[in-house]
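The structure appears below as structure tokens.
Remember, it's 1-based here, ligands and their atoms both numbered in the order they're listed. Only heavy atoms go into these numbers, but all of them, side chains included; no hydrogens, no water, no symmetry mates.
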Amino acid sequence: MLAFLGGIGATLVALFLGTVAYVYLGGYNIAATEEHGSFTRWVFDTTFHQSVEGGGASVSAPEELTPEMAAAGAAPYKEMCQHCHSAPGWERASWAEGMRPLPPHLTEAAAEWQPSEVFWLVKHGAKMTGMPAFGPSHSDEDIWNIVAFVKRLPAMTPQEYEQSTSGTGTSANAPAVQR
Ligand code: HEC
């Protein structure tokens with residue numbers, strides 16, 4: 001029994017030392033020019049989804065996300081989110097194409113998340129992805145307005161997007177081929 005426990009202990013120590021050596025010797029390639037391996041991607045995606053779902057469960061959403069709230073969230077979306085997440089009629093900014101993970105097109109991805117989950121994610125951001133936390137610089141009210149706008153993105157045409165953001169372009173984005 002003692003030998004068995006000793007064996008487990010020795011294996012754990014070897015694993016720990018191996019990990020420390022791997023980190024110190026630069027064994028992990030952090031270059032964003034390479035895609036994540038499928039195991040790393042699974043670990044990140046699963047951690048991300050479970051954490052955002054857990055965070056969203058602690059948020060109490062307003063009863064309704066009104067058109068007025070969405071209208072107030074349009075300009076902040078264009079200013080703070082579009083370069084990374086694109087928009088109807090717009091591609092990501094060219095530099096955002098170099099991010100790993102690549103920020104998803106919210107015109108599609110927004111439909112997959114509950115409003116409380118989008119709120120939690122925008123407020124707290126996500127470590128190890130490049131998704132910023134907007135909570136330190138924005139009130140909950142500002143963030144709910146952005147959430148109301150984001151939830152309308154999947155159904156929005158490029159014309160509606162331009163109207164709601166009053167056509168103010170950010171120079172970082174290249175106009176997209178119309179989708
Ligand atoms: C600097 C680039 C950047 C900016 C600016 C940014 N995000 Fe993100 N966002 C990311 C990245 C990277 C992810 C994580 C993608 C992943 O892990 O798959 C992400 C994830 C998300 C997700 C989850 C999407 C999914 O299905 O994975 C939502 C929703 C989101 N961001 C909303 C916003 C909103 C709203 C704003 C503006 C207030 C914003 N983001 C600003 C980079 C950005």
[atom] - nearest protein heavy atom and its distance:
{"atom": "atom 36 (C) of ligand 1", "value": "Cys81 SG, 2.8 Å"}
{"atom": "atom 18 (O) of ligand 1", "value": "Arg41 NH2, 3.4 Å"}
{"atom": "atom 17 (O) of ligand 1", "value": "Pro101 CG, 3.5 Å"}
{"atom": "atom 26 (O) of ligand 1", "value": "Trp113 NE1, 2.8 Å"}
{"atom": "atom 2 (C) of ligand 1", "value": "Cys84 SG, 1.9 Å"}
{"atom": "atom 28 (C) of ligand 1", "value": "Leu121 CD2, 3.6 Å"}

Could you establish whether [X] and ligand 1 come within less than 4.0 Å of each other, counting only heavy atoms on the residue side?
{"X": "Ala126", "result": "no"}
{"X": "Ala110", "result": "no"}
{"X": "Gly130", "result": "yes"}

| message | So that I know where these two stand, are Trp90 and His83 an aromatic pair - ring centroids less than 6.0 Å apart? | response |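 Between Trp90 and His83, the centre distance exceeds or equals 6.0 Å.
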
| query | At their closest point, which heavy atom of Ala74 faces which heavy atom of Phe149, and how far apart are they? | reply |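 Taking Ala74 first and Phe149 second, the nearest heavy atoms are CB-CE1, 3.5 Å.
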
| task | Name the orientation class of the two ring planes belonging to Trp113 and His49 (parallel below 30°, tilted from 30 to 60°, perpendicular beyond 60°). | result |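 Trp113 vs His49 ring planes: parallel.
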
| said: Out of Asp142, Ile146, Thr129, who is nearest to atom 14 (C) of ligand 1 when you count heavy atoms only? | reply: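 Nearest heavy atom to atom 14 (C) of ligand 1 lies in Thr129.
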
| Shared ILVMFWY cluster between Val118 and Met80, side chains joined below 4.5 angstrom? |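 Yes: a chain of side-chain contacts under 4.5 Å links Val118 to Met80.
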
| query | Any chain of hydrophobic side-chain contacts (each under 4.5 Å) joining Val59 to Leu65? | reply |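 The answer is yes; both residues are in one hydrophobic cluster.
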
| query | Do ligand 1 and His85 have nitrogen or oxygen atoms that lie under 3.5 Å from each other? | reply |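 Yes, since at least one N or O of His85 sits under 3.5 Å from an N or O of ligand 1.
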
| said: What I'd like to find out is whether the side chain of Tyr77 reaches to under 4.5 Å of the side chain of Gln82, using heavy atoms alone. | reply: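 Heavy-atom side-chain distance check passes, below 4.5 Å.
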
